**Q** 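Take this structure, written in structure tokens, and hold onto it; I'll ask about it next.
Keep in mind it's a predicted model, so treat the numbers as computed, not measured. Residue numbers run from 1 in the order of the sequence given.
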Amino acid sequence: MTEARPTSTLFFRQQHNCFTASVNLQYKPTAENELAGMVCYQKESFNYVFGITRKGNECYLLLQRTNNGKSEIVANTPVDMQQPLYLQIQAEGDKYRFNYSTDGHSFKNLGGIVSGDILSTNVAGGFTGNMIGLYATSANMAHPQ
């Protein structure tokens, strides 16, 4: 999420060191430039995007990390959009987990445990802290490998 212009987002400020946030995502991208899901956002140059996009005829769930303006895909997996999809972000201090499920109870991890250091004001600067929320774009630049 490196867009500096207004975005389609709905945020909640992270208030606790440990949290779980989840959503039942009912979305199917129709083009490779579309992506929707969840985001942990400090600012445009420091964030995690966890969402569904398209590559060819397949839909993929991906986790993208943007650190100091440089984005990289941490992990991705094909997903069957005929089933419900639940996204979940868990944090225990600096350890963040991005999980997904098709039944809302049994979650699988995507990308392992990742560091939340890029979401801190100590690393990213600023004063707002981490924002957690929903995100959608038709200007997606994150593509599965």
Side-chain angles (χ1 to χ4, degrees), residues 1-4 7-14 16-81 83-126 128-145:
M1 183 173 173
T2 58
E3 186 66 54
T7 60
S8 297
T9 51
L10 177 64
F11 289 126
F12 187 81
R13 187 176 64 80
Q14 181 181 340
H16 304 285
N17 205 19
C18 298
F19 71 87
T20 299
S22 58
V23 66
N24 175 346
L25 188 63
Q26 297 178 15
Y27 171 76
K28 185 174 182 180
T30 58
E32 292 184 7
N33 65 326
E34 296 177 354
L35 181 142
M38 297 181 77
V39 63
C40 286
Y41 182 84
Q42 210 285 339
K43 60 183 171 184
E44 297 89 0
S45 52
F46 293 91
N47 59 72
Y48 282 102
V49 171
F50 183 46
I52 301 169
T53 190
R54 185 176 200 87
K55 182 176 180 183
N57 292 326
E58 286 195 77
C59 292
Y60 286 84
L61 178 63
L62 62 80
L63 175 60
Q64 176 181 274
R65 174 185 166 104
T66 300
N67 181 5
N68 203 19
K70 296 180 182 177
S71 298
E72 68 172 318
I73 303 296
V74 175
N76 66 79
T77 188
V79 288
D80 178 6
M81 296 311 300
Q83 298 184 47
L85 188 64
Y86 299 84
L87 303 182
Q88 179 188 75
I89 302 171
Q90 291 184 314
E92 293 179 26
D94 187 37
K95 297 174 183 170
Y96 281 66
R97 291 175 180 84
F98 294 83
N99 307 313
Y100 66 100
S101 172
T102 57
D103 65 10
H105 302 287
S106 177
F107 284 85
K108 297 178 186 176
N109 180 261
L110 184 68
I113 297 172
V114 296
S115 175
D117 65 343
I118 64 167
L119 304 172
S120 71
T121 53
N122 291 342
V123 172
T128 61
N130 181 31
M131 307 294 278
I132 304 145
L134 305 176
Y135 170 64
T137 184
S138 59
N140 175 42
M141 300 301 289
H143 302 288
Q145 285 85 12

**Q** First locate atom OG1 of Thr20, then atom CD1 of Ile132, and finally report the distance between them rounded to the nearest 0.5 Å.
**A** 10.0 Å

**Q** For Phe46, does its backbone N or O pair with a side-chain atom of Glu44 as donor and acceptor, under 3.5 Å?
**A** no

**Q** Between atom CZ of Phe107 and atom CZ of Arg97, what is the distance when rounded to the nearest 0.5 Å?
**A** 14.0 Å

**Q** Could you tell me whether the side chain of Tyr100 reaches within less than 4.5 Å of the side chain of Leu25, counting heavy atoms only?
**A** no

**Q** When Leu62 is tested against each of Asn140, Thr77, Leu35 for side-chain contact (heavy atoms from CB on, under 4.5 Å), which residue passes?
**A** Leu35

**Q** Looking at OH of Tyr48 and CD1 of Ile118, how far apart are the two atoms once the value is rounded to the nearest 0.5 Å?
**A** 4.5 Å

**Q** Please check if the side chain of Thr53 supplies one atom and the backbone of Glu34 the other of a donor-acceptor pair under 3.5 Å.
**A** yes

**Q** Between the main-chain N or O of Gly112 and the side-chain N or O of Asn109, is there a donor-acceptor pair closer than 3.5 Å?
**A** yes

**Q** For Lys55, check side chain to side chain contact (heavy atoms under 4.5 Å, CB included) against everything at least two apart and list the hits.
**A** Glu32, Tyr60, Pro144

**Q** Give the minimum heavy-atom separation between Ile52 and Pro29, together with the two atoms involved.
**A** CG2-CD, 3.6 Å

**Q** For residues 57-67, pull every pair meeting salt bridge (charged side-chain N to carboxylate O under 4.0 Å, His left out), keeping only residues two or more places apart or in separate chains.
**A** Arg65-Asp117

**Q** Whether the side chain of Asp94 engages the backbone of Ser115 through a donor-acceptor N/O pair (distance < 3.5 Å, no angle test) should be reported.
**A** no

**Q** Would you compute the distance between atom OG1 of Thr102 and atom CG of Leu85 and round it to the nearest 0.5 angstrom?
**A** 8.0 Å

**Q** With rounding to the nearest 0.5 Å, note down the distance linking CG in Asp103 to CD in Gln83.
**A** 9.5 Å

**Q** Can you give me the closest heavy-atom contact between Ser71 and Thr66, atom names plus distance?
**A** OG-OG1, 2.7 Å

**Q** Tell me, please, which residues at least two apart from Gln88 pass side chain to side chain donor-acceptor pair (under 3.5 Å).
**A** Asn99

**Q** Considering non-hydrogen atoms only, spot the tightest contact between Leu87 and Gly37 and give its length.
**A** CD1-CA, 3.9 Å

**Q** If you compare all heavy atoms of Ser106 against all heavy atoms of Ser101, which two are closest, and at what distance to 0.1 Å?
**A** O-OG, 3.0 Å

**Q** Do Val49 and Thr137 touch side chain to side chain, with heavy atoms closer than 4.5 Å?
**A** no

**Q** Can you confirm whether more than 12 heavy atoms, excluding those of Gln26, are under 6.0 Å from its CD atom?
**A** no

**Q** Using 30° and 60° as the class limits, which term best fits the ring planes of Tyr96 and Phe19: parallel, tilted or perpendicular?
**A** perpendicular

**Q** To check you understand the geometry: which heavy-atom pair defines the closest contact between Ile73 and His143, and what is its length?
**A** CG1-O, 3.7 Å

**Q** Of all heavy-atom pairs between Val79 and Leu61, which one has the smallest distance, and what is that distance?
**A** CG1-CB, 3.8 Å

**Q** How far does CG of Asn17 sit from CD of Glu92, to the nearest 0.5 angstrom?
**A** 9.5 Å

